[in-house]
Amino acid sequence: MKTITHLSALMMVALLALATLAAPSQAQHGPGGPGPAGPKEVGVIEVARQDVPVTVELPGRAVAYQRAAIRPKVGGEITSIPYEAGTEVEAGTVLFQIEDETLAAELTAREVAVTSAQSALSGAQATVERYRRLSGSGVSRADLEAAEVALSAAEANLGAAEAQRDLARLALRRTEITSPISGLVSVTPFSVGDIVSAAQADALTEVAQTDPIYVDVSESRARILRHQQSLADGSMQRLGAPDDARMTLETGETYPLPGRVLSPGAEVSATTGTVPIRLQFDNPDRRILPGQFVRVTLTVGQVNAVLVPQRATSRSAGGQLTAFVARDGKATEVALTETGTYQNAWMVTEGLDSGDALILDGLNNLRDGAEVTTVAVTIDENGVVRDKGEAPEATDAEAPAKPPESTETPATASADPASPAPGGARPQGEATSGGG
(Lines give C-alpha, C1' and ligand atoms only; values in the text may rest on other atoms or scores of the structure.)
Protein backbone atom coordinates (compact mmCIF):
# COMPACT_ATOMS: atom_id res chain seq x y z
CA MET A 1 0.00 0.00 0.00
CA LYS A 2 2.88 2.33 0.84
CA THR A 3 4.55 1.50 -2.46
CA ILE A 4 1.49 2.52 -4.48
CA THR A 5 1.22 5.78 -2.55
CA HIS A 6 4.91 6.53 -3.23
CA LEU A 7 4.51 5.93 -6.98
CA SER A 8 1.51 8.22 -7.10
CA ALA A 9 3.49 10.99 -5.45
CA LEU A 10 6.32 10.62 -8.00
CA MET A 11 3.85 10.84 -10.88
CA MET A 12 2.34 14.03 -9.48
CA VAL A 13 5.81 15.60 -9.19
CA ALA A 14 6.59 14.73 -12.82
CA LEU A 15 3.32 16.23 -14.07
CA LEU A 16 3.97 19.45 -12.14
CA ALA A 17 7.43 19.69 -13.69
CA LEU A 18 6.08 19.33 -17.21
CA ALA A 19 3.45 21.97 -16.57
CA THR A 20 6.11 24.34 -15.27
CA LEU A 21 8.25 23.90 -18.44
CA ALA A 22 5.29 24.46 -20.74
CA ALA A 23 4.05 27.57 -18.97
CA PRO A 24 6.65 30.08 -20.37
CA SER A 25 6.03 28.93 -23.93
CA GLN A 26 2.27 29.30 -23.54
CA ALA A 27 2.69 32.67 -21.90
CA GLN A 28 4.95 33.82 -24.77
CA HIS A 29 2.73 32.75 -27.67
CA GLY A 30 -0.62 33.10 -25.94
CA PRO A 31 -3.45 30.65 -26.03
CA GLY A 32 -3.74 30.80 -29.84
CA GLY A 33 -0.15 29.72 -30.75
CA PRO A 34 2.36 31.83 -32.82
CA GLY A 35 1.00 35.19 -33.94
CA PRO A 36 0.74 36.34 -37.58
CA ALA A 37 3.92 37.71 -39.26
CA GLY A 38 2.10 40.78 -40.61
CA PRO A 39 2.32 42.43 -44.07
CA LYS A 40 5.62 42.08 -45.92
CA GLU A 41 7.51 45.24 -46.87
CA VAL A 42 8.27 45.53 -50.62
CA GLY A 43 9.92 48.16 -52.78
CA VAL A 44 7.86 49.53 -55.65
CA ILE A 45 8.29 51.90 -58.58
CA GLU A 46 5.50 53.65 -60.44
CA VAL A 47 5.48 52.71 -64.10
CA ALA A 48 4.33 54.83 -67.03
CA ARG A 49 3.75 54.30 -70.71
CA GLN A 50 6.12 55.97 -73.12
CA ASP A 51 7.27 55.84 -76.73
CA VAL A 52 10.21 53.43 -76.81
CA PRO A 53 12.45 53.09 -79.88
CA VAL A 54 12.66 49.60 -81.37
CA THR A 55 16.25 48.83 -82.21
CA VAL A 56 18.16 45.89 -83.63
CA GLU A 57 21.83 45.20 -82.94
CA LEU A 58 23.75 43.47 -85.70
CA PRO A 59 27.35 42.24 -85.87
CA GLY A 60 29.30 43.66 -88.75
CA ARG A 61 32.71 44.05 -90.32
CA ALA A 62 34.40 47.17 -91.62
CA VAL A 63 35.26 47.38 -95.33
CA ALA A 64 37.52 49.92 -97.03
CA TYR A 65 35.73 52.66 -98.94
CA GLN A 66 38.19 52.10 -101.83
CA ARG A 67 41.01 49.59 -102.15
CA ALA A 68 43.68 49.51 -104.87
CA ALA A 69 46.11 46.63 -105.46
CA ILE A 70 49.37 48.08 -106.83
CA ARG A 71 50.95 46.07 -109.68
CA PRO A 72 53.71 47.07 -112.13
CA LYS A 73 52.80 47.87 -115.74
CA VAL A 74 56.40 47.46 -116.94
CA GLY A 75 59.04 44.93 -116.00
CA GLY A 76 62.42 45.49 -114.44
CA GLU A 77 64.38 45.70 -111.21
CA ILE A 78 63.01 47.62 -108.21
CA THR A 79 65.54 50.34 -107.43
CA SER A 80 63.68 52.29 -104.73
CA ILE A 81 60.70 52.00 -102.35
CA PRO A 82 60.28 55.59 -101.12
CA TYR A 83 57.08 55.17 -99.07
CA GLU A 84 56.70 54.19 -95.41
CA ALA A 85 54.26 51.37 -94.71
CA GLY A 86 51.18 52.25 -92.65
CA THR A 87 51.24 55.93 -93.53
CA GLU A 88 48.65 58.02 -95.33
CA VAL A 89 49.59 58.76 -98.94
CA GLU A 90 47.96 61.06 -101.47
CA ALA A 91 46.94 60.08 -104.99
CA GLY A 92 50.00 60.34 -107.25
CA THR A 93 52.56 59.57 -104.52
CA VAL A 94 55.48 57.48 -105.85
CA LEU A 95 55.51 54.09 -104.12
CA PHE A 96 58.08 52.13 -106.20
CA GLN A 97 60.82 53.04 -108.65
CA ILE A 98 61.85 50.55 -111.33
CA GLU A 99 65.16 50.81 -113.21
CA ASP A 100 64.66 52.93 -116.34
CA GLU A 101 67.94 52.72 -118.30
CA THR A 102 66.65 50.17 -120.81
CA LEU A 103 63.40 52.01 -121.39
CA ALA A 104 65.22 55.33 -121.66
CA ALA A 105 67.45 53.88 -124.40
CA GLU A 106 64.41 52.50 -126.20
CA LEU A 107 62.76 55.90 -126.03
CA THR A 108 65.84 57.48 -127.60
CA ALA A 109 65.72 54.96 -130.43
CA ARG A 110 62.05 55.67 -131.01
CA GLU A 111 62.70 59.40 -131.11
CA VAL A 112 65.41 58.85 -133.74
CA ALA A 113 62.99 56.81 -135.80
CA VAL A 114 60.50 59.68 -135.63
CA THR A 115 63.16 62.11 -136.85
CA SER A 116 64.03 59.78 -139.74
CA ALA A 117 60.36 59.43 -140.68
CA GLN A 118 59.95 63.18 -140.60
CA SER A 119 62.90 63.57 -143.02
CA ALA A 120 61.47 60.96 -145.36
CA LEU A 121 58.13 62.71 -145.25
CA SER A 122 59.74 66.07 -146.10
CA GLY A 123 61.52 64.53 -149.14
CA ALA A 124 58.32 62.89 -150.37
CA GLN A 125 56.42 66.17 -150.04
CA ALA A 126 59.10 68.02 -152.03
CA THR A 127 59.02 65.40 -154.79
CA VAL A 128 55.24 65.59 -155.14
CA GLU A 129 55.31 69.40 -155.28
CA ARG A 130 58.02 69.37 -157.93
CA TYR A 131 56.23 66.73 -160.05
CA ARG A 132 53.04 68.72 -159.87
CA ARG A 133 54.77 71.81 -161.25
CA LEU A 134 56.34 69.75 -164.06
CA SER A 135 53.25 67.72 -164.82
CA GLY A 136 52.62 67.71 -168.60
CA SER A 137 56.14 68.99 -169.43
CA GLY A 138 58.64 66.22 -168.77
CA VAL A 139 56.85 64.38 -165.89
CA SER A 140 54.33 61.78 -166.75
CA ARG A 141 51.09 61.18 -164.98
CA ALA A 142 52.40 57.84 -163.71
CA ASP A 143 55.44 59.47 -162.12
CA LEU A 144 53.23 61.96 -160.25
CA GLU A 145 50.98 59.22 -158.93
CA ALA A 146 53.99 57.19 -157.75
CA ALA A 147 55.32 60.27 -155.89
CA GLU A 148 51.95 60.82 -154.23
CA VAL A 149 51.88 57.14 -153.08
CA ALA A 150 55.37 57.55 -151.64
CA LEU A 151 54.18 60.66 -149.77
CA SER A 152 51.26 58.75 -148.23
CA ALA A 153 53.61 55.95 -147.13
CA ALA A 154 55.98 58.49 -145.56
CA GLU A 155 53.08 60.03 -143.62
CA ALA A 156 52.04 56.56 -142.37
CA ASN A 157 55.60 55.73 -141.36
CA LEU A 158 55.83 58.98 -139.39
CA GLY A 159 52.54 58.23 -137.58
CA ALA A 160 53.74 54.73 -136.65
CA ALA A 161 57.09 56.07 -135.45
CA GLU A 162 55.38 58.71 -133.32
CA ALA A 163 53.08 56.05 -131.78
CA GLN A 164 56.06 53.88 -130.89
CA ARG A 165 57.80 56.90 -129.39
CA ASP A 166 54.74 57.73 -127.27
CA LEU A 167 54.52 54.13 -126.02
CA ALA A 168 58.20 54.17 -125.09
CA ARG A 169 57.74 57.48 -123.30
CA LEU A 170 54.70 56.06 -121.41
CA ALA A 171 56.65 52.93 -120.43
CA LEU A 172 59.47 55.09 -119.12
CA ARG A 173 57.01 57.15 -117.08
CA ARG A 174 55.54 53.95 -115.64
CA THR A 175 58.83 53.03 -114.02
CA GLU A 176 57.55 55.35 -111.28
CA ILE A 177 54.68 53.38 -109.73
CA THR A 178 52.29 55.79 -108.03
CA SER A 179 49.17 55.42 -105.87
CA PRO A 180 45.92 55.88 -107.80
CA ILE A 181 43.96 56.86 -104.64
CA SER A 182 44.58 58.51 -101.28
CA GLY A 183 44.67 56.17 -98.30
CA LEU A 184 46.71 53.94 -96.02
CA VAL A 185 49.45 51.98 -97.76
CA SER A 186 50.27 48.44 -96.65
CA VAL A 187 53.58 46.65 -96.11
CA THR A 188 55.11 45.30 -99.32
CA PRO A 189 56.47 41.74 -99.62
CA PHE A 190 59.01 43.00 -102.18
CA SER A 191 62.33 44.73 -101.62
CA VAL A 192 64.90 46.71 -103.59
CA GLY A 193 66.61 44.45 -106.14
CA ASP A 194 63.62 42.23 -106.85
CA ILE A 195 62.69 41.71 -110.50
CA VAL A 196 59.06 42.33 -111.39
CA SER A 197 57.11 41.89 -114.60
CA ALA A 198 54.24 43.74 -116.21
CA ALA A 199 50.75 42.79 -114.91
CA GLN A 200 52.11 40.11 -112.58
CA ALA A 201 49.69 38.24 -110.29
CA ASP A 202 51.34 39.30 -107.02
CA ALA A 203 50.54 42.84 -105.93
CA LEU A 204 53.44 45.02 -104.81
CA THR A 205 51.27 46.53 -102.05
CA GLU A 206 47.73 47.80 -101.37
CA VAL A 207 46.31 51.24 -100.68
CA ALA A 208 43.00 51.47 -98.78
CA GLN A 209 40.87 54.58 -98.38
CA THR A 210 39.30 54.43 -94.91
CA ASP A 211 37.54 57.80 -94.61
CA PRO A 212 34.66 57.30 -94.99
CA ILE A 213 34.45 53.59 -94.28
CA TYR A 214 31.84 50.94 -95.03
CA VAL A 215 30.37 48.49 -92.51
CA ASP A 216 28.66 45.36 -93.85
CA VAL A 217 26.04 43.62 -91.67
CA SER A 218 23.44 40.91 -92.27
CA GLU A 219 19.86 40.93 -90.97
CA SER A 220 17.43 38.01 -90.79
CA ARG A 221 14.83 38.24 -93.52
CA ALA A 222 12.25 36.79 -91.11
CA ARG A 223 12.83 39.60 -88.63
CA ILE A 224 12.58 42.20 -91.39
CA LEU A 225 9.20 40.76 -92.37
CA ARG A 226 8.01 40.83 -88.74
CA HIS A 227 8.95 44.49 -88.44
CA GLN A 228 7.16 45.27 -91.69
CA GLN A 229 4.06 43.47 -90.38
CA SER A 230 4.21 45.44 -87.10
CA LEU A 231 4.36 48.68 -89.04
CA ALA A 232 1.47 47.58 -91.23
CA ASP A 233 -0.86 46.61 -88.36
CA GLY A 234 0.00 49.68 -86.29
CA SER A 235 1.59 47.89 -83.33
CA MET A 236 4.80 49.74 -84.19
CA GLN A 237 5.00 53.28 -85.52
CA ARG A 238 7.45 54.47 -88.11
CA LEU A 239 9.66 57.33 -86.94
CA GLY A 240 9.17 60.62 -88.75
CA ALA A 241 12.93 61.04 -89.08
CA PRO A 242 14.69 57.70 -88.56
CA ASP A 243 17.59 57.82 -86.12
CA ASP A 244 21.07 57.43 -87.54
CA ALA A 245 22.83 54.10 -87.24
CA ARG A 246 25.12 53.78 -84.23
CA MET A 247 28.24 51.66 -83.94
CA THR A 248 29.84 49.95 -80.93
CA LEU A 249 33.53 49.10 -81.02
CA GLU A 250 35.12 45.84 -79.88
CA THR A 251 35.99 47.47 -76.55
CA GLY A 252 32.32 48.22 -75.84
CA GLU A 253 32.82 51.93 -76.52
CA THR A 254 30.13 53.72 -78.53
CA TYR A 255 31.52 55.29 -81.70
CA PRO A 256 30.69 59.02 -81.55
CA LEU A 257 29.81 59.56 -85.23
CA PRO A 258 26.52 58.34 -86.73
CA GLY A 259 26.22 56.33 -89.92
CA ARG A 260 23.65 55.85 -92.63
CA VAL A 261 22.29 52.90 -94.59
CA LEU A 262 23.50 52.86 -98.19
CA SER A 263 22.09 49.61 -99.52
CA PRO A 264 19.47 47.46 -97.76
CA GLY A 265 20.28 44.46 -99.92
CA ALA A 266 18.15 42.89 -102.66
CA GLU A 267 18.88 39.18 -102.27
CA VAL A 268 18.44 36.64 -99.46
CA SER A 269 21.29 34.24 -98.73
CA ALA A 270 20.28 30.67 -99.56
CA THR A 271 22.36 29.29 -96.66
CA THR A 272 21.72 31.77 -93.81
CA GLY A 273 18.40 33.39 -94.75
CA THR A 274 19.85 36.85 -94.17
CA VAL A 275 19.95 40.02 -96.24
CA PRO A 276 23.22 41.98 -96.57
CA ILE A 277 23.13 45.64 -95.55
CA ARG A 278 25.91 48.16 -96.17
CA LEU A 279 26.32 51.28 -94.03
CA GLN A 280 28.71 54.21 -94.26
CA PHE A 281 30.44 56.00 -91.36
CA ASP A 282 32.79 58.97 -91.33
CA ASN A 283 36.21 57.89 -90.07
CA PRO A 284 38.42 61.01 -89.87
CA ASP A 285 40.64 59.67 -87.06
CA ARG A 286 41.12 56.24 -88.69
CA ARG A 287 39.76 54.54 -85.58
CA ILE A 288 38.00 51.97 -87.75
CA LEU A 289 40.23 49.83 -89.95
CA PRO A 290 39.18 47.43 -92.72
CA GLY A 291 38.43 43.96 -91.37
CA GLN A 292 37.57 45.22 -87.87
CA PHE A 293 34.55 43.61 -86.19
CA VAL A 294 31.92 46.01 -84.78
CA ARG A 295 28.26 46.03 -83.71
CA VAL A 296 25.72 48.30 -85.38
CA THR A 297 22.46 49.45 -83.77
CA LEU A 298 19.62 50.41 -86.12
CA THR A 299 16.33 52.02 -85.08
CA VAL A 300 13.43 50.55 -87.06
CA GLY A 301 10.46 52.23 -85.32
CA GLN A 302 8.88 52.88 -81.93
CA VAL A 303 6.19 51.34 -79.73
CA ASN A 304 4.09 52.72 -76.89
CA ALA A 305 5.04 50.48 -73.97
CA VAL A 306 5.97 50.27 -70.29
CA LEU A 307 9.64 49.65 -69.52
CA VAL A 308 9.86 46.91 -66.88
CA PRO A 309 13.27 46.10 -65.29
CA GLN A 310 14.11 42.49 -66.02
CA ARG A 311 14.91 41.79 -62.36
CA ALA A 312 11.23 42.47 -61.49
CA THR A 313 9.98 39.67 -63.76
CA SER A 314 10.03 35.89 -63.91
CA ARG A 315 8.96 33.17 -66.31
CA SER A 316 6.26 30.65 -65.53
CA ALA A 317 6.64 26.98 -66.37
CA GLY A 318 4.80 27.67 -69.64
CA GLY A 319 7.15 30.52 -70.56
CA GLN A 320 4.72 33.34 -69.69
CA LEU A 321 6.43 36.52 -68.47
CA THR A 322 4.97 37.63 -65.11
CA ALA A 323 5.47 40.34 -62.49
CA PHE A 324 3.90 41.51 -59.21
CA VAL A 325 2.09 44.79 -58.64
CA ALA A 326 0.86 46.21 -55.34
CA ARG A 327 -2.91 46.82 -55.35
CA ASP A 328 -5.06 47.55 -52.29
CA GLY A 329 -2.36 46.36 -49.91
CA LYS A 330 -1.88 43.03 -51.65
CA ALA A 331 0.61 41.60 -54.15
CA THR A 332 -1.10 40.74 -57.43
CA GLU A 333 0.68 38.64 -60.04
CA VAL A 334 0.06 39.82 -63.62
CA ALA A 335 0.89 38.28 -67.01
CA LEU A 336 2.89 40.52 -69.33
CA THR A 337 3.11 40.75 -73.10
CA GLU A 338 6.51 42.00 -74.27
CA THR A 339 7.87 42.95 -77.68
CA GLY A 340 11.59 42.91 -76.94
CA THR A 341 14.07 44.66 -74.69
CA TYR A 342 15.44 48.16 -74.39
CA GLN A 343 18.39 49.01 -72.13
CA ASN A 344 18.00 45.89 -69.91
CA ALA A 345 14.23 46.36 -69.56
CA TRP A 346 11.29 44.56 -71.13
CA MET A 347 9.08 46.60 -73.47
CA VAL A 348 5.67 45.57 -72.11
CA THR A 349 2.62 46.41 -74.21
CA GLU A 350 -0.04 44.55 -72.18
CA GLY A 351 -0.44 43.70 -68.50
CA LEU A 352 0.59 47.04 -66.98
CA ASP A 353 -0.73 50.59 -67.23
CA SER A 354 0.57 53.99 -66.23
CA GLY A 355 0.44 54.46 -62.46
CA ASP A 356 0.74 50.78 -61.50
CA ALA A 357 3.03 50.12 -58.52
CA LEU A 358 5.46 47.50 -59.83
CA ILE A 359 7.08 45.46 -57.07
CA LEU A 360 10.81 45.60 -57.67
CA ASP A 361 12.23 44.56 -54.31
CA GLY A 362 11.23 41.96 -51.73
CA LEU A 363 10.21 39.32 -54.26
CA ASN A 364 11.64 36.34 -52.36
CA ASN A 365 8.84 33.90 -51.47
CA LEU A 366 6.23 36.47 -52.52
CA ARG A 367 2.89 34.89 -53.40
CA ASP A 368 -0.14 36.15 -55.26
CA GLY A 369 -2.56 37.78 -52.79
CA ALA A 370 0.01 38.24 -50.01
CA GLU A 371 -0.47 41.34 -47.84
CA VAL A 372 2.27 43.91 -48.41
CA THR A 373 3.33 47.39 -47.38
CA THR A 374 5.09 49.45 -50.02
CA VAL A 375 8.22 51.58 -49.97
CA ALA A 376 9.09 53.77 -52.97
CA VAL A 377 12.44 52.76 -54.47
CA THR A 378 14.57 53.59 -57.48
CA ILE A 379 16.85 51.50 -59.69
CA ASP A 380 20.04 52.79 -61.31
CA GLU A 381 21.68 51.81 -64.57
CA ASN A 382 23.67 49.09 -62.78
CA GLY A 383 20.52 47.42 -61.47
CA VAL A 384 21.04 48.53 -57.85
CA VAL A 385 17.77 49.22 -56.01
CA ARG A 386 17.71 51.99 -53.40
CA ASP A 387 15.05 53.58 -51.26
CA LYS A 388 13.78 56.70 -53.01
CA GLY A 389 15.69 59.72 -51.77
CA GLU A 390 18.62 57.70 -50.47
CA ALA A 391 22.02 58.90 -51.63
CA PRO A 392 24.37 56.37 -53.24
CA GLU A 393 26.73 54.60 -50.90
CA ALA A 394 29.73 56.79 -50.12
CA THR A 395 33.18 55.77 -51.29
CA ASP A 396 36.00 55.06 -48.83
CA ALA A 397 37.35 58.58 -49.28
CA GLU A 398 33.94 60.17 -48.64
CA ALA A 399 32.74 57.85 -45.86
CA PRO A 400 32.45 59.46 -42.40
CA ALA A 401 34.75 58.38 -39.63
CA LYS A 402 33.62 55.24 -37.83
CA PRO A 403 32.46 55.64 -34.21
CA PRO A 404 34.40 53.82 -31.49
CA GLU A 405 33.58 50.15 -31.47
CA SER A 406 31.18 49.15 -28.72
CA THR A 407 32.17 46.49 -26.29
CA GLU A 408 28.58 45.31 -26.13
CA THR A 409 27.46 42.26 -28.04
CA PRO A 410 25.99 43.41 -31.39
CA ALA A 411 22.34 42.78 -32.04
CA THR A 412 21.44 39.94 -34.32
CA ALA A 413 20.85 41.08 -37.91
CA SER A 414 17.30 40.95 -39.14
CA ALA A 415 16.53 37.96 -41.31
CA ASP A 416 13.74 39.78 -43.11
CA PRO A 417 14.73 39.79 -46.81
CA ALA A 418 12.88 43.07 -47.30
CA SER A 419 15.17 44.93 -44.90
CA PRO A 420 17.26 47.58 -46.69
CA ALA A 421 20.95 46.88 -47.17
CA PRO A 422 23.54 49.35 -45.84
CA GLY A 423 23.80 52.62 -47.73
CA GLY A 424 20.19 52.45 -48.87
CA ALA A 425 20.91 49.69 -51.42
CA ARG A 426 18.63 46.70 -51.24
CA PRO A 427 19.98 43.15 -51.58
CA GLN A 428 20.47 42.02 -55.15
CA GLY A 429 19.60 38.48 -54.22
CA GLU A 430 15.92 39.32 -54.00
CA ALA A 431 15.50 39.69 -57.77
CA THR A 432 14.03 36.72 -59.53
CA SER A 433 15.26 35.72 -62.93
CA GLY A 434 14.14 38.13 -65.59
CA GLY A 435 14.02 35.43 -68.17
CA GLY A 436 16.68 37.06 -70.21
Side-chain angles (χ1 to χ4, degrees), residues 39-57 223 226-227 230 235-237 295 297 299-390 392 416-421 424-436:
K40 182 177 182 179
E41 183 181 279
V42 295
V44 299
I45 59 172
E46 184 177 330
V47 297
R49 284 190 170 272
Q50 57 184 301
D51 289 331
V52 183
V54 179
T55 60
V56 293
E57 188 175 78
R223 185 155 67 171
R226 286 195 295 269
H227 288 154
S230 298
S235 58
M236 181 170 68
Q237 294 77 41
R295 298 196 309 276
T297 302
T299 302
V300 296
Q302 65 181 15
V303 296
N304 187 260
V306 175
L307 291 180
V308 177
Q310 292 185 359
R311 63 166 287 161
T313 63
S314 61
R315 290 280 183 184
S316 65
Q320 176 66 55
L321 187 69
T322 62
F324 283 95
V325 294
R327 292 173 180 169
D328 300 327
K330 292 185 178 182
T332 302
E333 188 174 19
V334 293
L336 307 179
T337 301
E338 50 84 15
T339 60
T341 60
Y342 179 76
Q343 295 181 350
N344 299 322
W346 294 110
M347 295 188 298
V348 174
T349 56
E350 296 181 10
L352 291 173
D353 288 316
S354 296
D356 282 343
L358 176 70
I359 298 179
L360 188 63
D361 192 56
L363 294 168
N364 280 354
N365 302 320
L366 189 62
R367 296 291 182 265
D368 186 30
E371 294 185 356
V372 294
T373 59
T374 60
V375 175
V377 297
T378 59
I379 183 170
D380 62 18
E381 64 275 6
N382 298 320
V384 177
V385 177
R386 302 181 185 278
D387 289 345
K388 196 169 184 179
E390 287 282 353
D416 184 1
S419 300
R426 291 180 173 258
Q428 288 286 350
E430 296 187 12
T432 57
S433 172

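With values rounded to the nearest 0.5 angstrom, Ile379 atom CD1 is found 5.0 Å from Leu360 atom CG. Note that the CD atom of Glu338 and the CD atom of Glu350 stand 11.5 Å from one another [nearest 0.5 Å]. Rounding to the nearest 0.5 Å gives a distance of 11.5 Å between CD of Gln310 and CD of Gln343.
What you find for Leu358 and Ala323 is that their closest heavy atoms are CD1-CB, 3.9 Å. In terms of heavy atoms, Thr349 sits closest to Ala305 at CG2-CB, 4.2 Å. The two atoms that bring Lys40 and Leu363 nearest to each other are NZ-C, 4.5 Å, heavy atoms only. Leu352 and Arg49 make their closest contact through O-NH2, 3.6 Å (heavy atoms, listed as atom of the first residue, atom of the second, distance). The minimum heavy-atom distance linking Ala326 with Ile359 is given by the pair N-CG1, 3.9 Å. Pairing each heavy atom of Leu336 with each of Thr322, the nearest pair is CD1-C, 4.3 Å.
For the pair Arg311 and Asp361, the salt-bridge criterion is met [side-chain N within less than 4.0 Å of a carboxylate O]. Taking 4.0 Å as the cut-off between side-chain N and carboxylate O, Arg295 and Glu57 count as a salt-bridged pair.
Under the side-chain contact (heavy atoms from CB on, under 4.5 Å) criterion, Asn344 pairs with no residue, sequence neighbours left out. For Arg223, the side-chain hydrogen bond (donor to acceptor under 3.5 Å, both in side chains) partners at least two apart in sequence or on another chain are Glu219.
Judged by the 6.0 Å and 45° rule, Arg315 forms a cation-pi pair with Trp346.
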